Every structure is written in C-alpha cells, then in structure tokens.
Amino acid sequence: MTTFISAADGNEVFQAQYIPKQKAPPASDDPSMLAYISTYPALGQVTQIEKHTTVFTALLEVDTSRASNPWQVSLWHSEGKEWQEVPMDPVIKAASSPCELQASKVATSQRRLYFTTPLAIHLPTNFTIKFRAGPTESWKWVKDHQGTTDGVVMLSTVTSQESISSELGEYITGLNPVLKSKNFRSQSPGTTLWSVEAPVEGADGEKSTIKDIKFGLPWGAGKFSRWFALVRIWSPWLAPRQGKSVFGLDKEAVMCSFLSLTGKHLVLLAITGVDDVMTLFTSDSEGNVVLHIRNDSSESKVSRVLVGLGDDFESANAAVMYHARGIISTSQATSGEQQKEIEALSEGDEKTKVWAENWYDGLTYCTWNALGQRLTEEKVLKAVTTLAENKINVTNFIIDDNWQSIDYRGHGQFQHGWKEFEAERDAFPQGLKHMVKLIREKQPSIQHIAVWHAILGYWGGLAPDGKIAKTYKTVEVVREDAERRNLPLGGKMTVVAKEDVAKFYDDFYQFLSSCGVDAVKTDAQFMLDTFISAEARRDLIPAYLDAWNISTLRHFSVKAISCMSQTPQILFHSQMPTNRPPLLVRNSDDFFPEIPTSHPWHIFVNAHNALFTQHLNLIPDWDMFQTVHEYSGFHAAARCVSGGPIYITDVPGEHDLDLINQMTGPSPRGKTIIFRPSVVGKSLDQYNGYDDDHFLLVGTYHGAAVTGTGIIGFFNVSQRPLTELVPLSKFPGVVEAQYYVIRAHSSGLVTKPMQVVEANSLVTISLGVRGYEIMSAYPLRGFFDEKKKETTWVANLGLLGKMAGAAAVVANQVTKLENGKIVIDTNIKALGVLGLYISTLPTLSYKDNMMITIQGKVLPVHTVNISKVDEHVLEVDVEAAWKELDLDAGWSNEVEAKIYINPT
C-alpha cells in the first residue's frame, strides 16, 4: 500500500495514508489492490469542512481470466466511533479512470479495475478496504491480504495565526523549564516560530563541556502520527530516519519534524557554528527530544534550537531555516575584512567573475571509480583518449585522489601525509602541468580541469618531514576514531597552523593555476570535527573554512566542490550564509558500485537530505556514477531531477551512449550540456520510511511560477514490484485553476488535459525492482475558436528523449495574434527534438496550417513530424534542421524556435 497526499481547495487538506505493516506479497493467483484518496469540494459554496467530499479511488489488479467476474469492493471507515461500510462503484468509462502512461509495462495477464466512492470527511478517519470476486465469494480484507495496517485520512484546516498560542509549552509536552523560549515573527507565511536557548558552561582547558538537556515531547504522547529526522550517519554525512508514534534516534540529528494527528507539522532545527557551540538532537527511553550540546569555547555560552509550526512541512521547515540564516549572518558580521574581499572578488576582472554555466551545467568526468586509487599519467590520458574516441565531449574533468605526492607512512591512507605541491613524481614523471596540457590537447571539449585534495592536505594531513611542513608553520593535533567502517583516524597528525592557513591555500592554488588547473574538489572536510582538543577546534575550524572559501573564490571563482562536509559546523558556518556565490557541495555519502544494496539507499538519502540542503547556499552534488551498471538508469534519472551536476566515472571504453544522450545534449556552440531544473529536487514524502514499500518521489520544478513545469522522478527503492496511483496535485508547482498534461519519459505517452480539482486526475504507475520513471506536468494555454467552438490547448514539452527535457527550455511565450494565429516563441539551450502538445493537431495539417522557424529560417518539412506515440504531439527536429541549414550560433548559447499555428 502507498501513502498519498492531495490538496483540496487551498483551504483544507486531506492526507490519506495507507501504510504497510509487513512485507507479505499476495499469492500469485490473488489480485493486488491499491487505495487512493483524492479530494475536491462538494458542489455549491464551500464554507465548512463538513461540506467537503473525499473521493476514494481503489485499483484492483486481477488476472485477465477473472476480469469479467462481478468484483465488489467496499470501504470501511471510522471517525473514532463505530465502523461503517460504504460500497464502492466500479468505474466503467475509460475517460473516468486514472491515466495509464506505461501501457507497455503492464503484464498482459493482468487487468486493472477501478472503483470509487465519495465520502464526507468531518474528522481524522481510519479506513480499510475489503473485496471479493462476486456476491457468492468470501470477502477478503486488504490489510490481511497484503499485510497493511488501517489507512488514516487526516484533515487539517489552514490555521489562523490568531488561534496560535505564543507559548511553546502548548505544543511541546513537558517542555524543560530550564529552557528559555521566545516567540518570533516568522519569515515563512502561515507559520509560527520560536527560538529556544539553553545555558552551557565553558570548556575546561582542552576538554569541551558536553551536556544533555531534556527538551520535551512534540505534540505529546500519542498525539503525533509520524516523525522524520536527518541524523549524522557518521561524521561527514547526513541521512534520514523516519518513525511512527514513538520518537527514537539511533544517531544524533541536526533537524527533526513531527506530524500531528490533525495534520500540523512541528520542525525542530539545532543551531551549530555560533560561539563555538554545537547542538544536536537525541532521544531518551520515553521518546522525548533531548539536546546534546558541546561547548568548545572557554566561556559559558548558550545552545540554540529553533521550532517552526505550520500546516505543511515545507513552510515550517522554511521558517526555521530562514531564521537560522539570520542568526548565522549576525554572528559572522564581525568578519568585515572577509566580506570586503568577497565583494571585491565578485566585482573583479573576467577571471574572478562568476561565470558558472560551464561548471554547473557541463557534463563532468571523474577518475575515482573509473581508474582506481593509484593514478598514473598513462591511466588518466587513456581515459581522456577513450572519451574522445567515443565522442563523449565532457566539459569538466576531475582528477581524483592519489595524484599527490604522499609519504605512505603508517597503516592505510588515513595515516598518509602530503609532502609537496607537485604531483607524485614516479606516476607523473613530467609533472602536473605537462599532463594537464596533454589532457586539453587530446580532448578540446574539456574546459575545466579539477584536482582532488583533502582540506588538511591529505587524509593524514602533512608529512612531518615533507617540503610543505617545512615551509609553513604547523601544529600537531590528535584525532578521534571514526565511528563507521572502523576507520583508523585516531592519533596524531601534522597540519598547517592557524596563522599560515590562508598563505598555504593561496600558494597551493597559485601553483595549481600555473599548471592549468582551474578547479578543485576539496574532500575530507569532516576531519576538522575529529580534533579532540576544544582549543584546536575553535582555532582551526573557522580558520580553515574561511581561508578555503576565500582562496577558491580568488583563484577558481565558483569552480570548487566541497565534499564530506555535512558536519554541523560547516553546514551552518560555510554553507548557510548567502553573502558569497553558491558552491557545488556533495549531498550524501559515496556511490559504491560494488554494493548492490547501496544504490536505492543512495538515492533515498540524497532526496531527503535535500529537504535540508535546499535552504543552504549551494548546489547539491549527488555524486558520480557509472553509465554501464545494474543501476545506471536509476542513478541517471536521479541526477537529472536532482537540480545538481552530473558526473560520470565510466571505466574507459565502458559507456552507455544512449543513456548519456538521455541526460545531455549539444549546445549550439558544440558543448555537451546537462538539463538542470531550476529548483532543487527533493523527497515529496518526508515521513515515508525506506522500508515502507513506497515509491520514492523526487519532485522538482523548472521555469517561472505557474507557467513552469512540475517534474517527479519515481524510484522503486523496495525489493518487490510496486504500483501506485499518483494525483496531478502531487506535482510541484501545479495550481488549481490551470489545465495540464502529464507526459512519461519512458513511453512518451501523454494524458488528456486535466485539472487538480478533478477527482480522476490520477496517473497509475508500475515499477519493478530497480524501476524508475520521470513524469512531467506541463501547463496548457487554451485558445478558443469562436467559429469552430473548440479550444486549442498548447504546451511546450521541451526536448523529447531527455529525462529532464523540460529543463532545456530557457524561455517560452505562447500568444494569439489578431489574425487568430497562435505563436509559440521558445528558446532552448541545446539541440534535439522539440516537442509540442497541440490538442487539435489530429485535425490540422502541420504542412498547411503551420510554419516553423529556427533563428529566423524556415525548417525543412521533413524535420517536422507527428509523434508515433501520441497524435497530439508535434516533433520538431531542431538538431537535424540546424545541421541541414548550416546555422551558426554566433554569440548565443541558445536556439530560438517559433511555431506559427493557424487553427482554422
């Protein structure tokens, strides 16, 4: 079973939840069932909740041989009193059924039967469903048949701010009286905000003060139905945790959220990075939230927690994040010299201006998984040559770990220290500059070359007797062991001292620039948080973070990647402030090609981490992947909806060119670019757990408000096939008054025009294990023809055949001229096949009723076709026309296409 959430009329929200209890797939000869709750206002003026009608839609998948049986489905529901039964009616008309855009994927031995019934919902309501093959057959309860609990419909009104108490104790049962809370005006509309402070004593010399303080229980015992948290899965990384009515954490969390039985959300955010205090959340045996505080300062300080209350998670989450941004900004205001330098860099010459297009939107190749950890010049150049031979025109090239000159002391890489700036002399005998020169010669498409290094130099810092250690002032620090993978981090290491960090970075990056390197991937940033000494942390953490930020801007503009940096101090100190250009920041733990179970989890983690990182000043990097791999398409689809960069790490010669083509396209100037939506992709169901047998829905959006395109990536992260019903209202950015069509990437099939308020605006989606799909909801413009008494609906579908083809659209304008002609004027950022949905296309002749131009020149007729998949979709092969017309991009990075439609 699946959780579904759908909006009503903007005043009330119904949330239907049907949660798996255990994994018990039905017998092969039994039907499977899904229940979906769609909601819409009853006819007439809606003034009260009681006048809302909820439409329950159920899907029964049965064997074809039994499809003609007189199947019966019945809904049982209770508002906390006696259970009542409501028979569900079969949906007879195909036009009233949910849309199926994956017809080819439905097994021929199965038939889908839909049933529906309206129901007035007054209070939070439990429900379940039973079904049978006919009046003489026995009833089967779906919760017994498929191992589910009862479903829950939660109904919540839009909260009036006047009805919200300013006392946090009204919403946190047992709020600890030692805590001081203050109600603030929230920057997120429709939400309420509190700041909570707890006193904590100063450190005793080298020893930090660590304190656990009971916070309280959000909503109270038995008064919340779900919780969600982002925990420190280990020192460098965050990962999600979900639960039901009892709050319990296995790791320390940076934020958590609680959903009340009435549909309200309480979001808690722990602030770190102010006054050398780190605050995290834990839990106790009674399910209370507990504050885990560490004070590295030598003086007494306060720990800060923000609490946001809202009718939806996103608003409450935004409330605490916006306020946190202000706190961090105020705390860093004393660093005036740094801010002056940032402003000067932003206004500098061409070298320092923020021209980020190639870096963010160019296809990137990384050597890590492809070439292994013992790099040589020969291996690197072979990879470059193979890319060129396969015509994979990457824009960015990352030389990952093991190019540096290290001492190989101790046992394992975490003890190895860095000796000198120049590359390893045996593996790169002619030096870094020579190899970079050859890379650019062998693959001219490569515009930016990055190298990897750890923030402290290497995993083990500096080689104590190396050239770098002898050039700069150093200190010896002691690390604690990592709590994951038994990494032997513990022990002493040599690092550049606070006084010389800025000079060290400037000298190193000047050396890289002289070699032709113009970007860096700076890894192992969590090492700063492993120092045992309180004094070392308070001295070195801000010194390294500030020096690195300034030096990357000075030498490489925005061309830097921050990695293993999801420690609380870095999240708040470096990634939250908006006074500098955004950087690429790794959003999760690594891609592990050899661990099958890691792949769905990798996508699940990134989608949920994005709920937090969407509010930071960064572009999330979901890590590299290989295009020839069991999960290659799964990973590719996830990167395309992430809103971040796309890196491949293919073994030389092992490339899936078709998959690469689905992710990228050639720009008019010959560059290979990706299609990055304008909004960060994130989980749409933050309370759904990884083991709940739900699709993971990653939602994103491209374009301006209302007129843009909502995109959802669907991923089956479970270990069994799943089918779900998804409403149009689930797509990000959709509005009720607008008509839309939904298109599936896998099949190219398009729905009929639909609105959110229609009860049957649903799409049925089936995915097998490792299955994925991308669907996009395109807004329609309607033009009524008085003579024909019909409306022509038009939508720009972007580039067809691309996973996120809507993101290829830079600008789009649809207008109607005085002579009745409809004009679609669009700019796209790459060459390919442009798709246009035209509802009246089956009755038009595109040869007689249309004229299409690119860059002002009329397209050859044979480059325009009607889709073989959908007769309402016009396909304009801009790439073929561009080549045939021998067009030149000039100074532009875009192609302007104009389509003139004469509907009469």
Side-chain angles (χ1 to χ4, degrees), residues 178 197-213 232 234-236 251-254 270-282 290-305 327-328 331-332 334-335 338 414 454-457 459-462 472-484 487-502 504 524-549 564-576:
V178 75
E197 295 184 350
V200 56
E201 299 78 15
D204 182 9
E206 298 288 311
K207 186 178 180 180
S208 301
T209 295
I210 297 177
K211 195 171 186 179
D212 290 326
I213 299 177
R232 298 189 69 187
W234 71 296
S235 297
K251 304 280 186 180
E252 298 164 336
V254 297
I271 302 293
T272 293
V274 177
D275 296 334
D276 301 307
V277 175
M278 180 173 74
T279 305
L280 297 167
F281 298 115
T282 60
V290 176
L291 306 185
H292 181 68
I293 307 166
R294 186 183 73 192
N295 184 8
D296 293 333
S297 172
S298 59
E299 301 177 358
S300 295
K301 299 292 181 180
V302 295
S303 163
R304 293 178 177 84
V305 170
I327 292 174
I328 297 299
S331 73
Q332 295 184 356
T334 55
S335 182
Q338 179 182 351
F414 293 99
I455 196 166
L456 297 172
W459 296 101
L462 303 179
Y472 305 95
K473 181 179 180 181
T474 63
V475 294
E476 194 175 74
V477 295
V478 180
R479 293 175 296 178
E480 62 187 7
D481 281 319
E483 68 275 26
R484 184 170 177 246
L487 296 182
L489 300 185
K492 298 178 180 179
M493 67 186 303
T494 301
V495 301
V496 175
K498 171 184 176 182
E499 295 85 352
D500 270 6
V501 172
F504 159 70
Q525 298 197 21
F526 79 100
M527 288 286 191
L528 295 167
D529 189 44
T530 66
F531 300 157
I532 291 176
S533 164
E535 183 179 358
R537 279 198 298 269
R538 67 174 180 257
D539 282 351
L540 295 179
I541 291 176
Y544 270 87
L545 295 180
D546 291 344
W548 183 74
N549 284 324
M564 299 186 87
S565 58
Q566 290 187 325
T567 65
Q569 295 93 332
I570 302 174
L571 290 170
F572 288 91
H573 181 92
S574 294
Q575 297 172 12
M576 180 167 279

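None of these values were measured; they are calculated from a predicted model.
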Taking only Lys NZ, Arg NE, NH1 and NH2, and the carboxylate oxygens of Asp or Glu, determine whether D296 and K207 approach each other closer than 4.0 Å. no
Does the side chain of Y544 come within less than 4.5 Å of V496's, by heavy atoms? yes
Here the gap from D539 atom CG to K498 atom NZ, rounded to the nearest 0.5 Å, amounts to 4.5 Å
For L540 and L528, the nearest pair of non-hydrogen atoms, with its separation, is O-CD2, 4.2 Å
Here the pair of heavy atoms bringing A536 nearest to V477 is CB-CG1, 4.2 Å
The reported gap from CZ in R538 to OG in S297 (rounded to nearest 0.5 angstrom) is 6.5 Å
Next on the checklist: Quick check: do H292 and I210 have side-chain heavy atoms less than 4.5 Å from each other?
Outcome noted: yes
Assess whether side chain to side chain contact (heavy atoms under 4.5 Å, CB included) is satisfied between T272 and L571, documenting all intermediate values.
CA-CA 8 Å; T272 293; L571 290 170; over 6 Å; no
| task | Report yes if some heavy atom in the side chain of S565 is under 4.5 Å from a heavy atom in the side chain of Q575; otherwise report no. | result | yes
request  = Would you please test V305 and F281 for side chain to side chain contact (heavy atoms under 4.5 Å, CB included) and show each step?
outcome  = CA-CA 10 Å; V305 170; F281 298 115; 3.8 Å; yes
May I ask you to decide whether R294 forms a salt bridge with D212, counting only side-chain N to carboxylate O separations under 4.0 Å?
no
Q. Any donor-acceptor pair under 3.5 Å linking the side chain of N295 with the backbone of E201?
A. yes
Smallest heavy-atom separation, H573 atom then Q332 atom, equals O-NE2, 2.9 Å
In the structure I gave you, are the side-chain heavy atoms of V178 and I213 within less than 4.5 Å of one another anywhere? yes
In this structure, CZ of F531 is separated from OG of S208 (nearest 0.5 Å) by 13.0 Å
Of all heavy-atom pairs linking M493 and G461, the shortest is CE-N, 3.2 Å
Side chains of R232 and F526: closer than 4.5 Å at any heavy-atom pair? no
Residues R479 and W459: closest non-hydrogen pair is NH1-O, 3.0 Å
dist M576:CE -> I328:CD1 (nearest 0.5 Å) comes out at 6.5 Å
**Item:** Note, K251 side chain near L280 side chain (heavy atom, < 4.5 Å)
**Value:** no
ask   = For K211, does the NZ atom have more than 12 heavy-atom neighbours from other residues, nucleotides or ligands under 6.0 Å away?
value = yes
Fill in: Check ion pair E535-R537 (N to O, under 4.0 angstrom)
no
ask   = With a 4.5 Å heavy-atom cut-off, do I570 and L545 have their side chains touching?
value = yes
Between the OG atom in S298 and the CD atom in E206, the distance rounded to the nearest 0.5 Å is 11.0 Å
* Worked check of side chain to side chain contact (heavy atoms under 4.5 Å, CB included) between N549 and S574 -> CA-CA 8 Å; N549 284 324; S574 294; 3.4 Å; yes
Smallest heavy-atom separation, V495 atom then L462 atom, equals C-CD1, 4.1 Å
key: Steps toward side chain to side chain contact (heavy atoms under 4.5 Å, CB included) verdict (W234, M564)   = CA-CA 10 Å; W234 71 296; M564 299 186 87; 4.0 Å; yes
Between Q525 and T567, a side-chain donor and acceptor under 3.5 Å: no
OG1 (T279) and CD (E197) are apart, to the nearest 0.5 Å, by 10.5 Å
* **Test item: V274 and I271 side chains (from C-beta on) under 4.5 Å apart, heavy atoms** => yes
